[in-house]
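The block underneath contains the structure these notes are about, expressed in structure tokens.
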Amino acid sequence: MRSSTGRTAALLLLASMAWGCAEEVPTSSDGDRIAIVPRTVELILPWDLFGEDARVFGGFGSSDDLFNVVVANDYRGGLESRGLLGLADFPEAFTVRDTVGENVRDSALTFFSGRLVALIDTIASSAVDGPVEFSISRLLEEWHSPTAVWDLAVDTVGDRRPWTVPGGGTVDLLSTAVWDPAEGDTVVFELDSAQVAVLGDTAQAVRAIRLDLESAGNRLEIADLRLRLDTRPSVNPDTTLLLTSLVPTRTFIYQPFAPPPPDGLRVGGAPAWRTVLNLDVPRVLTGPEEICDAVGCPFTLDPDQINTAAILLSTREVVPAAFQPSDTLRMDVRPVLAPDRLPKSPLGGSFLGGGRGIPQEAFGPDGSTEVGIPVTEFVRTLVSEDREAPTRQFALLSIFEPISIAFGAFDGPGSDREPRLRLIITVSDTLEVR
Amino acid sequence: MIGRRLTALLGLTLLTLALPGWAGARTATAQSVAAADGLGAVLAPLDARARALGSVGIGLRGDGLVPTDPAAVADLVIPSVTFTLQTSWVDVQEGEGTDPGTFAGTRFPVVGVAYPVIGVGVFSLGFSTVLDQEWRVAQERRVDLGGSGARARVTDRFSSEGGVGTVRVGFARRINRTLSLGATFGAYTGDVSRVFTRSFDSIDAVSAVPVFSVGGQWRYSGLVTSLGAAADFGEIFRVSASYGFGGSLGANPTDDTDGAEESFPMPDDLRLGASALLAPELSLSAGLQRSDWSGTGELYDEAEGHSVLTWGTGLEFTGARLLGKASALRVGYRRGGLPFAPVGSESPTESIWSGGIGLDLFQVGPTVVAASDFTLERGSRTVGSLSEEYWRFALSVRVSGT
């Protein structure tokens, strides 16, 4: 009995504790009880206060790296672009059923016709009003797919060879075809036996095709190319087989080359452009007047005060217009880890994690807009007394290089809408115990 | 048998201390929004019996271990462990037109052990609460960012977590049949963490804006002393007095705190109380307590300290039986002030009606070795535009043994 009384008391106590331990801290909505009232202000720093040495570098990757082949003819300001297609060896043997019904391997194939089938990426291509005409020709000059450009067939170390005629040199016309967008997304170029024979002749120094867009005012992108070959097996001449030969080498060459303007920044293109900005954010602000009015001068920036920091870039119209993005431009921002090795410096991890999409309209004639690039941690490190910034430079680039022949353009230092640094900071007195 | 029970209850006491994550004087949670004013809200270190009788913590009959009555424990004959748990449910209204709020929380205002040494006196060691500093404020604001003229919607939060307590050692001795004296000596303990955060709910930014935060932690220190005397006139009447020297409360910032060290003058504390036997099993008790917090309040811009006079009275009937055990029935009323209020507001007041029972759980001869007290209070307080009404349940357990 006595024992049960003690247990009862203990249980009662524990039950009471469990009952009462639901914590609900008294919370007031009376803001006057807050001991300090920090101020959150926006500071807009002009370029000459935080940045220096904005540079645009080009030549990252090549059109050979792109999945699509771009062809254009006098497109929006004169873009000319031609596809260069390197052919694989034709099939040398195939297993076919002979006249008595047995499967035998036939290594004496005879190709009597063929066709080049091109699949058009209608989403990535410019809008087409009606049927457009293409042509394919046989390349006659040696070329190097990763380095070939409009003027140069080869541009490797120690080997720089121009085309005899810019834009792919002299060629032999093979075929023409008309593509009607109303009928589908495939265009077919017919080849006769002689043409097939030449294209399949491995003794030829060059086995390649140039793809031209003949209809002016268009830019189309080819997503896939296949060479279909009609063959007649020697073991069963009454049968026609259709074999496919891949087109393993695909690139395009274009003109004009559009160097960035001196007061402009550029991102994207193929080969790709990068813009590198060098930030020198002062730890102590002594101006301009608007900032001093907001926070008082001199004002010492503390990393913990910086809520967010963003570079504000104004988009500008892309010129020539042919290079205006036809889809959202996805831009990335990454630190330059070895500035002294630019333009080949390795880059650090992305600030954005997935890139930042900028609508293509922003690069049109009436679409100028301001784009914010978050650089909060970067700037915090720059103004920190405790942390040594590994780099003061970061690169603006497309999320993949190259990702498109199109590029984005921004107003650079010295222009009317030069880059600005937007800081949102919260300034607080030290919190005391009373 | 008794020794095992004492050991078990001592273990339970330690478990009680460990469960809510106590550290020094930290209370489990707050009891009032008024803790936001000045140095905090007073956490009276009263056990359940004193609360039921409307006592200010002095002058009650018996030999309980009461932090505010150093001489009361002088007649203790066997070692005792006592602790008190109390839970509050509070309805709060902040001015006209505001939405009422509710909160609840538990605290442990008194934990102590007393050990008599025959022929010498009674030694004690105890922890008791002094001030509660557990509160929060949350407010949404629209902030003009200047610059480009942008505005942002933010939520500001300020939280204070912690409190002030004391750890004391004491000694009490009966001088003669009438007079007993007692003294305690100890130190302030506890800490407070104060953190302001601003979260950006709606802001024109290109990426998520992290929460802005500033704050710090301070640990309390300082010495505290109290002296007490009790005079017993037979079994009929007892009168007691105590005087506590508040000294100064030091608040020392931790290494990663930018805030400054601070020293708060703490008020001296005078308590007077008496109990009279009206009938063989019916007694009347009354008491008053005075402390002047105006000096402490001078450190604050938004709050001011007040001189607090608290009085209370109660009746205790000890002839009842409950569950076959000797029991006590108690009622009481207490009214007083609060130490801090916003500048310009009227003196804050608090009044409490209370009732409770005492239950002797285990008795060996005339000695009660295990007892518990249960009290339910209904109180209200007004601090400036803030008004609170609350229910408070208190439970005290006392176990004695050798």
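Because the structure is a prediction, the values reported are computed rather than measured. Atom set for the values below is all heavy atoms of this structure, side chains included, hydrogens, waters and symmetry mates excluded. In what follows, chains are A, B, ... by sequence order, proteins preceding strands, each numbered from 1.
In this structure, a donor-acceptor pair under 3.5 Å is absent between the side chains of Asp258(B) and Thr430(A). A side-chain donor from one of Thr254(B) and Asp256(B) sits under 3.5 Å from a side-chain acceptor of the other.
With a 4.5 Å cut-off on non-hydrogen atoms, Val211(B) does not touch chain A at all. Using a 4.5 Å cut-off between heavy atoms, Ala251(B) touches chain A through its side chain atoms alone. Neither the backbone nor the side chain of Val92(B) comes within less than 4.5 Å of any heavy atom of chain A. Proximity to chain A (any heavy atom under 4.5 Å) is restricted, for Arg198(B), to the side chain, taken from C-beta onward. When heavy atoms are compared at a cutoff of 4.5 Å, Leu386(B) approaches chain A solely by way of its side chain, counted from C-beta outward. Using a 4.5 Å cut-off between heavy atoms, Asp37(B) contacts chain A through both its backbone and its side chain.
Of all the listed residues (Asp293(A), Thr426(A), Val433(A), Asp304(A)), the one sharing the greatest number of non-hydrogen pairs under 4.5 Å with chain B is Val433(A). Each of Val41(A), Thr40(A), Ile36(A) has some count of heavy-atom pairs under 4.5 Å with chain B, and the biggest count is that of Thr40(A).
A distance of 6.0 Å separates OG of Ser159(B) from CZ of Arg136(B), quoted to the nearest 0.5 Å.
In summary, Glu370(A) and Arg420(A) engage in a salt bridge, as defined by a charged side-chain N under 4.0 Å from a carboxylate O. In summary, Asp156(B) and Arg141(B) engage in a salt bridge, as defined by a charged side-chain N under 4.0 Å from a carboxylate O.
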